[in-house]
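Each remark here refers to the structure printed beneath this line.
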Amino acid sequence: QVQLVESGGGSVQAGGSLRLSCAVSGYTYTYSSYSMGWFRQAPGKEREGVAAIDSYRRITYADSVKGRFTISRDNAKNTLYLQMNSLKPEDTAMYYCAAVLGTPPFDVLLRSARYNYWGQGTQVTVSS
């Protein structure tokens, strides 16, 4: 069973930065075989895709974070990262990492329904 554990959340002021990490374990195939994504959910809102990187290292971002967030993966460390810069109060949410074996079509990488392994989440709070 694939297990994902997020870390790195916290409280920052607008304009600040945070780096989220997601440690992956328990996978049957190599970590590099999994496509990975970051999602977030604010209170009263639906979960939304933030950034994703597939097994070929192709990357996609939600329009709301382009130019501010950077997703990366270290296959040697079985870890996924999300560098978040220029944070805004509207970025406040619980952030989740997710994994799926293989490579979904690129245009659906930010759809949560495509992923079947999820972490417990890490809270990010941005104050104005």
Minimum heavy-atom separation for [X] and [Y], please, with both atom names.
X: S128; Y: P89; answer: CB-CG, 3.9 Å
X: Y29; Y: Y27; answer: O-CD1, 2.6 Å
X: M36; Y: A99; answer: SD-CB, 3.4 Å
X: L80; Y: C97; answer: CD2-CB, 4.1 Å

Contacts satisfying ring-ring contact (aromatic ring centres under 6.0 Å, His included) that involve residues 104-128 (not counting sequence neighbours) are F39-Y115, F39-W118
S55 backbone acceptor or donor facing S35 side chain under 3.5 Å: yes
Applying salt bridge (Lys or Arg N to Asp or Glu O under 4.0 Å) as the test, list every pair that has at least one member in residues 97-123; sequence neighbours left out. none
Salt bridge (Lys or Arg N to Asp or Glu O under 4.0 Å) pairs touching residues 31-46, sequence neighbours excluded, are R40-E48, R40-D91
Give the C-alpha distance, both sets of side-chain angles, the deciding distance and a yes or no for side-chain contact (heavy atoms from CB on, under 4.5 Å) between F69 and L87. CA-CA 9 Å; F69 290 10; L87 283 162; 3.8 Å; yes
Please list, chain by chain and in numerical order, all residues satisfying salt bridge (Lys or Arg N to Asp or Glu O under 4.0 Å) with R57, sequence neighbours excluded. none
Sorted by chain and residue number, the salt bridge (Lys or Arg N to Asp or Glu O under 4.0 Å) partners of E90 (sequence neighbours excluded) come out as none
Atom pair [atom1]/[atom2] of [X] and [Y] - distance to nearest 0.5 Å:
X: S32; Y: N78; atom1: OG; atom2: CG; value: 9.0 Å
X: I59; Y: D54; atom1: CD1; atom2: CG; value: 9.0 Å
X: M84; Y: T70; atom1: CE; atom2: OG1; value: 11.0 Å
X: T122; Y: Y96; atom1: OG1; atom2: OH; value: 10.0 Å
X: W38; Y: I71; atom1: CH2; atom2: CD1; value: 8.0 Å
X: E6; Y: Y95; atom1: CD; atom2: OH; value: 12.5 Å

For residues 9-25, dump all side-chain donor-acceptor pairs below 3.5 Å to protein atoms at least two apart in sequence or in another chain.
residue: S17; atom: OG; partner: N85; partner atom: OD1; Å: 2.9

Answer yes if Y81 and V2 sit in the same cluster of Ile, Leu, Val, Met, Phe, Trp and Tyr residues linked by side chain heavy atoms under 4.5 Å apart, and no otherwise. no
Treating Ile, Leu, Val, Met, Phe, Trp and Tyr as nodes and any side-chain heavy-atom pair under 4.5 angstrom as an edge, say whether V50 and V126 lie in one connected cluster. yes
If you draw a 6.0 Å radius around CD in Q123, do more than 12 non-hydrogen atoms from other residues or ligands fall strictly inside? yes
Charged tip of R68 within 45° of Y61 ring normal and under 6.0 Å: no
Criterion side-chain contact (heavy atoms from CB on, under 4.5 Å) on L101 and S33, from CA distance to verdict: CA-CA 6 Å; L101 179 63; S33 300; 3.9 Å; yes
